[in-house]
Amino acid sequence: MVLIVTFLMLWTKFIIPRYAPPPAATNVAKTSTAESGAAGEKAAPAPAPAVEPAHPETGRHLTLHDAVLRDKDNEIVLTPRGGAVKNWRLKLNGQDVDLVLKPDADVLPLASFPDAVFKIALAGRRAVMTATLSNGVRVTKTLTLSPTGHLHEVTYRFQNPTSRPVELSKWSWGWGPGLGSAEGEHKENVRLIRAITLGKLKVHVLKHSGHAEMGRWAAIDNRFYLVAFVPREAHPVEVVEAGKKEETQLSLVENTRVPAHGEATVAYDLYAGPKGYTQLKAYGHGLDESVDFGTFATLGRFIFRALNYLKALTGNYGVAIILLTIAIQILMFPLTVKSFKAT
């Protein structure tokens with residue numbers, strides 16, 4: 001008791017004064033600060049729109065404008081350069097979570113053919129982005145949001161108007177650098193970002209600068225969120241991981257042959273949302289395998305299902321945890337008695 005009282009007295013005398021709030025500023029100071037702030041606001045130049053270099057044929061400059069695709073669950077800011085995603089905000093329980101960790105990065109998520117400038121047209125839940133490559137191939141990139149849930153669709157349609165087939169070798173797209181999360185979770189989650197792919201039996205974590213064949217899907221994730229690419233038709237795809245932990249870049253390297261006066265299509269399902277085990281399992285594709293239950297995964301999944309079952313019966317997670325704890329204690333009772341006797 002003497003030590004406690006001494007500590008509180010010393011704390012009150014020496015520590016608290018250091019962190020006492022500063023005295024309120026006078027009206028004059030507030031006025032001058034407000035005036036200087038207003039002057040600063042007036043003096044700040046308006047941000048200039050991004051300008052694309054002059055077109056090689058017409059010599060005209062194209063002004064680039066971002067477009068916003070939104071529904072009740074998503075708000076996606078698309079930028080013309082590469083048809084990339086500058087922001088992907090999820091609206092979860094009244095909280096906005098941006099899956100784009102670094103919106104000012106040189107290469108943004110879903111960027112493809114970064115030297116191309118895409119025209120963006122919005123129609124309901126769909127964004128259609130079109131561009132013409134230097135070899136004459138016309139690219140139509142379409143992002144279609146799901147009416148329910150977070151499993152969307154991305155398609156590439158390549159049209160070749162020339163009389164010769166065109167090989168689009170090693171063109172890439174993907175997600176990164178990094179993967180965003182809620183603001184309060186950033187410090188923890190940037191250390192847990194992974195690039196992964198689902199093989200025949202289990203999830204494989206891609207090594208730094210590693211190259212691997214696409215499994216059932218490839219993804220980038222952290223503890224709570226997942227962006228996964230699921231090909232609609234199996235085709236050779238090389239999966240590449242690069243960058244530091246907090247700047248992990250997942251790239252899908254594609255090779256597409258577009259026949260003369262013909263077209264080719266590449267289509268993916270794109271999951272962009274929280275890592276809810278039950279929800280991911282309902283989507284299929286093995287996306288639920290991205291949820292790591294640790295060393296005792298089989299036991300963990302069993303307990304998780306039991307907990308959800310009890311919650312469905314009672315309507316309350318607290319009651320479900322108590323009932324699950326009692327059930328486990330009953331099952332373990334013979335071993336507990338034997339352990340006490342041995343002790």
Side-chain angles (χ1 to χ4, degrees), residues 49-53 62 64-69 74-90 97-120 127 129-135 137 139-143 152 154-156 158 168-181 186 189-190 192-197 206-212 214 217-222 225-229 231 237-256 266 268 270-272:
V51 177
E52 179 67 10
L62 300 176
L64 307 184
H65 296 286
D66 295 341
V68 181
L69 178 66
N74 305 275
E75 183 178 278
I76 305 164
V77 180
L78 301 166
T79 182
R81 192 180 297 278
V85 172
K86 186 178 289 185
N87 300 99
W88 191 311
R89 298 185 183 94
L90 302 174
V97 177
D98 195 347
L99 295 179
V100 179
L101 185 61
K102 298 180 180 294
D104 55 349
D106 293 335
V107 179
L108 290 170
L110 301 192
S112 49
F113 307 101
D115 294 333
V117 179
F118 286 77
K119 295 179 181 178
I120 304 174
M129 297 163 272
T130 57
T132 301
L133 306 181
S134 58
N135 55 17
V137 173
V139 183
T140 302
K141 178 179 179 179
T142 306
L143 170 61
H152 315 295
V154 178
T155 61
Y156 288 88
F158 302 98
L168 300 175
S169 299
K170 294 189 178 299
W171 66 275
S172 65
W173 65 304
W175 196 275
L179 177 64
S181 59
H186 272 214
N189 276 333
V190 293
L192 302 173
I193 297 173
R194 309 179 300 172
I196 55 179
T197 184
L206 300 177
K207 302 298 182 182
H208 182 63
S209 300
H211 297 245
M214 166 79 81
W217 49 256
I220 183 170
D221 75 342
N222 53 35
Y225 300 96
L226 172 75
V227 173
F229 300 84
V237 183
E238 190 178 8
V239 184
V240 180
E241 185 270 350
K244 297 183 294 185
K245 193 69 174 177
E246 66 275 11
E247 297 179 355
T248 298
Q249 183 84 34
L250 173 71
S251 298
L252 310 181
V253 182
E254 309 262 3
N255 292 286
T256 306
V266 176
Y268 279 79
L270 173 68
Y271 181 85

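Just so you know, residue 1 is the first one in the sequence shown, and it goes up from there.
Taking the side chain to side chain contact (heavy atoms under 4.5 Å, CB included) definition, one finds that P114 meets it with nothing, sequence neighbours left out. Evaluation of the side chain to side chain contact (heavy atoms under 4.5 Å, CB included) rule for E247 yields K102, P177, K244 as partners, not counting sequence neighbours. By the side chain to side chain donor-acceptor pair (under 3.5 Å) test, S112 pairs with K141, Y156, sequence neighbours left out. Considering only residues two or more places apart in sequence or on other chains, I193 meets the side chain to side chain contact (heavy atoms under 4.5 Å, CB included) condition with L101, I220, N222, T248. Applying the side chain to side chain contact (heavy atoms under 4.5 Å, CB included) test to T140 and every residue at least two apart in sequence or in another chain returns V128, T130, R138, T142, R157, Q159. By the side chain to side chain donor-acceptor pair (under 3.5 Å) test, W88 pairs with N74, sequence neighbours left out. For Y271, the ring pair (Phe, Tyr, Trp, His ring centres under 6.0 Å) partners at least two apart in sequence or on another chain are Y283. Every residue meeting the ring pair (Phe, Tyr, Trp, His ring centres under 6.0 Å) condition with F229, not counting sequence neighbours, appears here in chain and number order: W173.
For the atom pair I120 CD1 and D66 CG, the distance stands at 7.0 Å (nearest 0.5 Å). Taken to the nearest 0.5 Å, the CD1 atom of I196 stands 4.0 Å off from the CG atom of D221. In this structure, the separation between CZ on R194 and CG on L250 is 12.5 Å, given to the nearest 0.5 Å. From E238, atom CD reaches atom CE of M214 across 11.0 Å, with rounding to the nearest 0.5 Å. Considering CZ of F158 and OG1 of T256, their distance stands at 5.0 Å, rounded to 0.5 Å.
Between L108 and K86, the shortest heavy-atom contact is CD1-CA, 4.3 Å. In this structure, S169 and N255 approach most closely via the heavy-atom pair CA-OD1, 3.4 Å. Considering all non-hydrogen atoms of both residues, K170 and V253 come closest at CA-CG1, 3.7 Å. Considering every non-hydrogen atom in both L206 and E241, the closest pair reads CB-CB, 3.9 Å. The two atoms that bring L90 and A272 nearest to each other are CD2-O, 3.7 Å, heavy atoms only.
A donor-acceptor pair is defined here as one N or O able to donate and one able to accept, closer than 3.5 Å; no such pair exists between the side chain of S172 and the backbone of L252.
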- Message: For V97 and R89: C-alpha separation, side-chain torsions, deciding distance, then whether side-chain contact (heavy atoms from CB on, under 4.5 Å) applies.
- Response: CA-CA 5 Å; V97 177; R89 298 185 183 94; over 6 Å; no
- Task: Carefully, step by step, assess V139 and W171 under the rule side-chain contact (heavy atoms from CB on, under 4.5 Å).
- Result: CA-CA 12 Å; V139 183; W171 66 275; over 6 Å; no
- Query: Hey, mind stepping through F118 and T79 against side-chain contact (heavy atoms from CB on, under 4.5 Å) and telling me if it holds?
  - Reply: CA-CA 8 Å; F118 286 77; T79 182; over 6 Å; no
- Message: Applying side-chain contact (heavy atoms from CB on, under 4.5 Å) to L168 and N135, what does each step give before you reach the verdict?
- Response: CA-CA 9 Å; L168 300 175; N135 55 17; 3.5 Å; yes
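Only one option out of V100, L110, V85, N87 pairs with I76 in a side-chain contact (heavy atoms from CB on, under 4.5 Å); it is V85.
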